[in-house]
Asks: 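Before we start, here is the structure in question, set down as structure tokens.
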Amino acid sequence: MCSDHICNSLICSNTWSSRPSLYLIQPLGSKMAHLRSLILLLSISLLSLPGLSQFCESVNGYCDSENILASSKILIKGGTVVNADHQEVADVYVEDGVIVAVRPNIKVPDGVRVLDATGRLVMPGGIDPHTHLAMEFMGTETIDNFFSGQAAALAGGTTMHIDFVIPVNGSLSKGYEAYVEKAKLSCMDYGFHMAITKWDDIVPKEMETMVQKGINSFKFFMAYKGSLMISDELLLEGLKKCKSLGALAMVHAENGDAVFEGQKRMIQLGITGPEGHALSRPPVLEAEATARAIRLAAFVNAPLYVVHVMSSDAMEEIARAQKSGQNVIGEPVVSGLVLDDSVLWNPDFITAAKFVMSPPIRAAGHGKALQAALSTGILKLVGTDHCTFNSKQKSLGIDDFRKIPNGVNGIEERMHLVWDTMVESGQISATDYVRVTSTECAKLFNIYPRKGAIRVGSDADIIIFNPNSTFHISAHSHHSRSDTNVYEGRSGKGKVEVTISGGRIVWENEELNVVPGSGNYVSMPPFNYLYHGIDKADQNYLASLKAPVNRIKQSL
Ligand code: URP
Ligand code: ZN
Ligand code: ZN
């Protein structure tokens, strides 16, 4: 599994599990030069994991973990500070992980680390609303765990993500416990969504517990028949429960029964390769499920969040609902915005299989339509659906596309690709860029302005971005543990030069300085802005019924 061609971490673990091992910090090219820092990081990682402080004495000389873990004082000087609503030239001063001043000409005493941001943009770190780290799925587990995935994120300017907890045999609490374990490797802030995969008397009570634990969103899979898929009846129950809790209901919108039929049809036609994946689940099935979920949400008057909108057909259903006044949030993902399905017809199986995700990457034209919808505000924020499998894992479906683990990378590439695709092309402004990559996510999941803003009192999750530099993407230099990258060979304008996470510089000069166990869980309260006014609308609805009609009972 760890042969050189499929594992580019310095020292591999020999399973795909998320057990602590040694960690990917640098691409292969800089192995030796950074061996010492790796040893230091290993020492610190051992120290920072619960129950491992006894290692301190045995790694004498590397026990200055406090220094590394302590927040430093940083002054970011002379940059253009960009928020979702405004941009201005200002300095940003950070102390103990928090932004304490944003204004021109801040003076600081000696000993403060000063970063010159002249000619650069100083923006809130990205927040990725949609990831799957260490997820057990389709007979295997995603190759990026909470350390490698987050390290990759930080190298690309994302400082927080929200991952989907998958219940264990339908149990939310067991799923939650499993993800708490997985997330112990974290090196940046993260939150959780929770998937709902069955319904009984216990699940709604567990949903209440999850909200108390800081989960304010629940995902319903309308596809993956036989594993994660739920029925319309369950979706209705879930929508009602989410509404009563002030939680956001999210849907993976594809008609799973029809997909199942489409898959059988492809196999009967002898189409067993990755192109069969796209052909078996066309846009009409995404549009149908999107429309159905939207109508069921309207029926109970609950807000709805549609994840990974991949087709213009689904996007148009969202636009229609919004026009009628319904609160529906549409999330495109980077793959849907910038790729097209021609790659699935590549004659090389692995080259094609790496692009298999659901809903599928669509024909040319859909991406452009999604970009336009993002620029006009129909689609609100960009995720990645980072769900990475390496070539060996993708090969599970060599004879049958239905067995190819679904998912692509993106957590490291999102910030660069959205800038290049949307800002460099003139479709959105820098302030809009901050909104779609960070602020809107913080608002929707109710953690704004702690996250998503360069503002006094906000967490010091900051990027310094050079709009005149260039990014290059390759599996040889990325920080994911995967041996492939769906954006291989792409380059473009704009580069994240520095990432500050929780007040620490974690990415600078193309080097990561990350510590497993240093990331924090971010508890997210319910009743986000979409809930404002819902009770009034419900009261108006009840008043409009003019029912029950008071009839005088007469004997016939
Ligand atoms: O292909 C995908 N999208 N894999 C991750 C699971 C999901 O549906 O989000
Ligand atoms: Zn999904
Ligand atoms: Zn997903």
Side-chain angles (χ1 to χ4, degrees), residues 128-144 149 153 161-167 175 179 190-197 217-230 235 238 248-256 259-260 263 274 276-278 280-281 285-286 289-290 293 304-311 314 329-337 339 341 343-344 352-362 370 381-390 393-394 396-397 401-411 414 441 480 482 484 486:
D128 189 338
H130 188 156
T131 61
H132 303 276
L133 301 182
M135 180 204 197
E136 286 151 46
F137 190 45
M138 297 186 73
T140 182
E141 182 172 323
T142 55
I143 192 82
D144 280 324
H161 69 115
I162 314 179
D163 209 82
F164 287 89
V165 173
I166 306 297
Y179 272 74
Y190 61 94
F192 288 144
H193 312 286
M194 170 69 72
I196 304 293
T197 54
S217 45
F218 295 92
K219 179 176 178 184
F220 302 87
F221 289 91
M222 300 169 81
Y224 304 124
K225 188 173 167 137
S227 59
L228 301 171
M229 181 172 146
I230 47 87
L235 180 55
L248 190 51
M250 311 174 93
V251 283
H252 171 131
E254 284 184 291
N255 185 318
V259 167
F260 189 67
Q263 290 175 328
H277 179 75
S280 65
R281 43 208 312 158
L285 303 190
E286 187 188 348
T290 305
L304 184 71
Y305 183 113
V306 184
V307 304
H308 47 44
V309 178
M310 297 296 282
S311 63
I329 303 293
E331 170 211 79
V333 289
V334 182
S335 50
L337 289 170
L339 299 172
D341 71 354
V343 288
L344 291 163
K354 76 176 174 180
F355 294 96
V356 167
M357 66 167 288
S358 294
I361 293 161
R362 303 299 187 185
L370 298 177
L381 71 169
V382 183
T384 62
D385 200 2
H386 185 86
C387 182
T388 308
F389 301 100
N390 68 15
Q393 292 171 298
K394 288 281 184 181
L396 291 168
F401 67 83
R402 296 172 297 183
K403 296 186 180 147
I404 301 171
N406 287 196
V408 300
N409 64 290
I411 202 167
R414 181 182 71 125
C441 185
S480 161
S482 181
T484 65
V486 294

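Start at 1 and go down the list; that is how both ligands and their atoms are numbered.
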Asks: What protein N/O/S atoms lie closer than 2.8 Å to the Zn ion (ligand 3)?
Replies: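 Protein N/O/S atoms under 2.8 Å of the Zn ion (ligand 3): His130 NE2, His132 NE2, Asp385 OD1.
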Asks: First locate atom CZ of Phe401, then atom CD of Gln263, and finally report the distance between them rounded to the nearest 0.5 Å.
Replies: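 Between atom CZ of Phe401 and atom CD of Gln263 there are 5.5 Å.
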Asks: Tell me every residue that passes side chain to side chain contact (heavy atoms under 4.5 Å, CB included) with Asn406, counting only those two or more places apart in sequence or in another chain.
Replies: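 Counting only residues at least two positions away or on another chain, Asn406 forms a side chain to side chain contact (heavy atoms under 4.5 Å, CB included) with Phe137, Met138, Tyr224, His277, Arg281, Val356, Ser358.
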Asks: Report all N/O contacts between ligand 1 and the protein shorter than 3.5 Å as a table of atom names and distances to 0.1 Å; if there are none, say 'none'.
Replies:
from, atom 1, to, atom 2, distance (Å)
ligand 1, 1 (O), Ser358, N, 2.8
ligand 1, 3 (N), Ser358, O, 2.8
ligand 1, 3 (N), Asp385, OD2, 2.5
ligand 1, 4 (N), Asn406, O, 3.1
ligand 1, 8 (O), Tyr224, OH, 2.7
ligand 1, 8 (O), His252, ND1, 3.0
ligand 1, 9 (O), His132, NE2, 3.1
ligand 1, 9 (O), Lys219, NZ, 3.1
ligand 1, 9 (O), Asp385, OD1, 3.3

Asks: Drop me the distance from Asp385's CG to Glu331's CD, to the nearest 0.5 angstrom.
Replies: 7.5 Å
Asks: Is there any salt bridge (Lys or Arg N to Asp or Glu O under 4.0 Å) pair reaching into residues 352-361, and which pairs are they, with sequence neighbours excluded?
Replies: none
Asks: We want to know whether Thr131 and His161 form a side-chain donor-acceptor pair, criterion being a heavy-atom distance below 3.5 angstrom.
Replies: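 There is such a pair (donor and acceptor under 3.5 Å, judged by atom type) between the side chains of Thr131 and His161.
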Asks: Parallel under 30°, tilted from 30 to 60°, perpendicular over 60°: which one fits the rings of His252 and His308?
Replies: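 Perpendicular: the ring planes of His252 and His308 meet at over 60°.
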Asks: Let me confirm one number: the CG-CG distance from Asn409 to Asp144, rounded to the nearest 0.5 Å.
Replies: 8.5 Å
Asks: Over 60° means perpendicular and under 30° means parallel, so classify the ring planes of Tyr190 and Phe192, tilted if in between.
Replies: tilted
Asks: Establish, from distance only, whether the side-chain atoms of His386 and Asp128 form a donor-acceptor pair under 3.5 Å.
Replies: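 No, no side-chain donor-acceptor pair sits under 3.5 Å.
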